[in-house]
Amino acid sequence: MTFYTYDYLKNSQSNWQYGRIIIISVLAVVFILFLIHYLRNRMDIKYKDLSIIVATLLLLVLAMQYNDFSAIQSSSKQTGQITSTVKQVAKRLHVRPKTVSVNSTNVNANLMVKTPDGFYRVDYNPAGTEFVLERVELNSQSNIKVEEAE
């Protein structure tokens, strides 16, 4: 069973999104530079061809970004929900959030929490707005793996 730390949950989504923003920014700057060179030297069509190629790449990356936007937004929302749950669990158990790990990256019905005090199961109400912590004993703790932030 794999558990994810609070820091891992906070950092897992942001790095990937920043990479895409950097790629889009670099392509936009390169496109603008080639377009400026073409407008200055209208006889030299290599800059026109290069600006068309870069514009096509830019549009392709933007289309992929737009296509993944709803998935990224949903993932960020779920990550925000699970980090909020980790904070609430830590507050109820009087421990720091950094010492709490969960077995899922999104809120679900089978959520387990690993703390320095032991393992807990999180039972949500039907609306999903409140939860109850129930202490549990695991049969085998040898196959537990904790994913931490890099």
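Note that the structure is a prediction, hence the values are computed from the model and not measured.
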Give the minimum heavy-atom separation between [X] and [Y], together with the two atoms involved.
{"X": "I24", "Y": "L58", "result": "O-CD1, 3.7 Å"}
{"X": "V86", "Y": "P97", "result": "CG1-O, 4.0 Å"}
{"X": "F34", "Y": "Y47", "result": "O-CB, 3.8 Å"}
{"X": "L111", "Y": "Y124", "result": "CD2-OH, 3.7 Å"}
{"X": "I82", "Y": "S104", "result": "CG1-O, 3.8 Å"}

[X] atom [atom1]: more than 12 heavy-atom contacts under 6.0 Å:
{"X": "E130", "atom1": "CD", "value": "no"}
{"X": "R135", "atom1": "CZ", "value": "yes"}
{"X": "I45", "atom1": "CD1", "value": "no"}

Is there a chain of hydrophobic side chains (I, L, V, M, F, W, Y, each step under 4.5 Å between heavy atoms) that links [X] to [Y]?
{"X": "L39", "Y": "L33", "answer": "no"}
{"X": "I36", "Y": "V29", "answer": "no"}
{"X": "I52", "Y": "L60", "answer": "no"}
{"X": "L138", "Y": "V146", "answer": "yes"}

Pairwise distance [atom1]([X]) to [atom2]([Y]) - rounded to 0.5 angstrom:
{"X": "K114", "Y": "Y4", "atom1": "NZ", "atom2": "OH", "result": "14.5 Å"}
{"X": "Y38", "Y": "L50", "atom1": "OH", "atom2": "CG", "result": "12.5 Å"}
{"X": "K98", "Y": "D7", "atom1": "NZ", "atom2": "CG", "result": "4.0 Å"}
{"X": "R40", "Y": "L35", "atom1": "CZ", "atom2": "CG", "result": "11.5 Å"}
{"X": "D123", "Y": "F131", "atom1": "CG", "atom2": "CZ", "result": "10.5 Å"}

Review point. So among I32, V61, I22, L62, which one has a side-chain contact (heavy atoms from CB on, under 4.5 Å) with L27?
Key: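 Among I32, V61, I22, L62, the one meeting side-chain contact (heavy atoms from CB on, under 4.5 Å) with L27 is V61.
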
Practice item. Report the C-alpha distance between L93 and L133 in whole Å, list the side-chain angles of each, state the deciding distance to 0.1 Å, and finish with yes or no for side-chain contact (heavy atoms from CB on, under 4.5 Å). Key: CA-CA 9 Å; L93 297 175; L133 290 174; 4.0 Å; yes

**Study point:** Chi angles and distances behind the side-chain contact (heavy atoms from CB on, under 4.5 Å) call for D117, V95
**Key:** CA-CA 9 Å; D117 300 332; V95 296; 4.0 Å; yes

Review point. With a 6.0 Å cut-off on ring centres, are Y8 and F3 close enough?
Key: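 Distance test on ring centres: not under 6.0 Å, no.
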
Review point. With a 4.5 Å limit on heavy-atom distance, are the side chains of Y6 and K87 in contact?
Key: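 Heavy-atom side-chain distance check passes, below 4.5 Å.
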
Review point. Got a donor-acceptor contact below 3.5 angstrom from the N103 side chain to the T2 backbone?
Key: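 Not at all, since once roles are kept as given, no pair shorter than 3.5 Å links the two residues.
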
Exercise for review: Could you please spell out the steps behind the side-chain contact (heavy atoms from CB on, under 4.5 Å) verdict for V102 and M112?
Suggested key: CA-CA 6 Å; V102 291; M112 297 284 292; over 6 Å; no

Practice item. For the pair L59 and F31, evaluate side-chain contact (heavy atoms from CB on, under 4.5 Å) and give the outcome as yes or no after the intermediate values. Key: CA-CA 11 Å; L59 288 175; F31 170 71; over 6 Å; no

Review point. Cation-pi between R92 and Y120: NZ/CZ under 6.0 Å from ring centre and within 45° of the ring axis?
Key: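 Relative to the ring axis of Y120, which defines the angle, R92 lies outside at least one limit.
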
